[in-house]
Amino acid sequence: MSNYQLSLIMMACISVITVCGVFSMTSLAGMFSLGQAAYMSICAYLTFCLAKYLTLPIWFTAVIGIVASGAIALIISLPTLKLRRDYFALLSVAFGQMVSSIVILLGDYTNASIGFSKIPKVKGLVWIILGITVVIVFMVRNLKYSRFGRMCIALKTDEIAARSFGIDVYKLKVKIYVLASMIAAVGGICYGLRNRVISPDAFDWSLSAEMQILLFFGGTNSLTGSVISAAALKVLPEFLKGIKLFGIDLQSFKTVIYCLLIIVVINFRTKGIMGESELSFAWLKRTAKRRSLAQSKGGEKK
């Protein structure tokens with residue numbers, strides 16, 4: 001494969017990682033945040049700045065960045081998760097803007113808005129990112145069907161009923177928020193390694209909004225739909241390059257096409273493309289069995 005194709009695969013994988021983090025928070029626990037890109041920024045800058053200025057290995061600074069992102073998420077969540085969900089969403093936007101401002105203020109180390117570009121090239125990066133993506137998708141899938149995941153779904157469905165069944169709603173929210181933020185942090189590291197340059201503009205609130213859009217497009221209750229949507233819609237604009245309709249280059253209208261797709265899905269498929277359906281090995285086996293039975297019956301009739 002060419003470097004361009006490998007770059008597209010990595011871009012799709014990074015999108016899947018970040019949307020998986022949002023899925024664990026929004027789809028399971030019903031918490032809406034527009035500040036997840038801030039944790040991508042925190043982890044990316046910590047990882048690569050520490051590696052550069054302290055001459056430490058990237059894998060070590062990546063661990064520091066992920067743990068630091070989780071710790072910051074814990075500190076932020078303790079007061080904010082006591083608020084109503086709409087106020088929490090607004091505060092998440094403010095937090096994202098605050099992180100961008102701090103990055104610019106520390107311009108002597110982060111290179112401010114110009115962008116930090118002293119990121120080393122990693123061999124076999126596409127396989128590393130693919131492996132990380134598979135692990136995170138598998139982890140979030142298991143989380144959904146675990147006891148903890150069922151508690152989160154109970155919280156999303158009815159918070160008062162969840163409390164009546166003895167669920168500590170506040171602690172549950174804190175845990176899922178920290179987990180989602182750490183997954184976003186992993187996405188930030190992968191983003192920096194792929195692009196080899198990071199800037200505050202790359203992690204603004206619009207990136208967090210894009211994660212939510214991809215989640216709702218695929219299906220808020222379907223991890224499969226979210227993964228497919230995150231990969232397909234992220235790569236879609238690249239396939240529009242060079243395609244012309246009535247002499248107009250579709251690449252220049254990618255935002256319009258994006259919005260039209262979302263409007264169509266919201267109006268005609270309110271639960272997203274996959275709704276609440278999930279692809280699984282059991283589902284594939286049942287489908288294959290039905291097809292084999294249909295073929296055998298067709299052969300008997302002949």
Side-chain angles (χ1 to χ4, degrees), residues 3-22 35-76 92 94-136 178-208 210-211 234:
N3 290 333
Y4 175 70
Q5 290 170 328
L6 292 175
S7 179
L8 287 182
I9 291 171
M10 287 188 285
M11 184 170 66
C13 287
I14 293 166
S15 179
V16 169
I17 291 170
T18 54
V19 171
C20 279
V22 174
Q36 291 310 99
Y39 294 104
M40 294 177 67
S41 177
I42 291 168
C43 189
Y45 274 102
L46 275 176
T47 298
F48 301 119
C49 287
L50 289 176
K52 172 64 180 176
Y53 297 118
L54 300 181
T55 61
L56 295 171
I58 284 183
W59 67 266
F60 183 68
T61 57
V63 173
I64 293 174
I66 294 168
V67 172
S69 298
I72 292 169
L74 177 63
I75 294 168
I76 294 296
S92 68
F95 172 67
Q97 295 301 110
M98 180 185 74
V99 170
S100 295
S101 300
I102 291 172
V103 169
I104 293 171
L105 285 172
L106 297 174
D108 292 340
Y109 304 100
T110 62
N111 214 18
S113 56
I114 297 171
F116 186 85
S117 58
K118 299 171 184 178
I119 299 173
K121 188 176 181 180
V122 177
K123 292 182 179 179
L125 182 61
V126 64
W127 301 111
I128 295 171
I129 293 179
L130 270 171
I132 292 171
T133 305
V134 170
V135 169
I136 287 179
V178 171
L179 175 64
S181 301
M182 291 177 77
I183 294 174
V186 174
I189 296 170
C190 294
Y191 178 93
L193 290 173
R194 174 190 175 267
N195 294 324
R196 298 185 65 194
V197 60
I198 50 176
S199 64
D201 294 340
F203 303 109
D204 61 4
W205 72 270
S206 62
L207 179 58
S208 300
E210 184 183 86
M211 296 178 200
K234 196 68 176 179

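The residues of the chain are indexed from 1 along the displayed sequence. In this text, all values refer to a predicted model and were calculated from it rather than measured experimentally. Heavy atoms only: backbone and side chains are in, while hydrogens, waters and symmetry mates are out.
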Report yes if the side chains of [X] and [Y] come closer than 4.5 Å at any heavy-atom pair, otherwise no.
| X | Y | result |
| --- | --- | --- |
| Q97 | W205 | yes |
| V134 | L130 | no |
| R194 | S7 | yes |
| I119 | V197 | no |
| L125 | L6 | no |
| L46 | I64 | no |
| F203 | I42 | no |

Rounded distance [0.5 Å steps], [atom1] in [X] versus [atom2] in [Y]:
| X | Y | atom1 | atom2 | value |
| --- | --- | --- | --- | --- |
| L54 | T61 | CG | OG1 | 9.0 Å |
| C190 | N195 | SG | CG | 11.0 Å |
| I128 | M10 | CD1 | CE | 10.0 Å |
| L193 | F48 | CG | CZ | 4.0 Å |
| S69 | L74 | OG | CG | 12.5 Å |
| Y191 | C43 | OH | SG | 14.5 Å |

Original post:
Looking only at side chains, do D204 and S206 share a donor and an acceptor under 3.5 Å apart?
Top reply: yes

Show the nearest heavy-atom pair for residues [X] and [Y], with the distance to one decimal.
| X | Y | answer |
| --- | --- | --- |
| F116 | Y53 | CE1-OH, 3.9 Å |
| Q36 | A184 | O-CB, 3.7 Å |
| T47 | A62 | OG1-CA, 3.5 Å |
| G192 | I198 | CA-CG2, 3.8 Å |
| S113 | P200 | CA-CD, 4.0 Å |
| I14 | G187 | CG2-O, 3.9 Å |

**OP:** Return the set of residues passing side chain to side chain donor-acceptor pair (under 3.5 Å) with Y45 (not counting sequence neighbours), or none when no residue passes.
**Re:** none

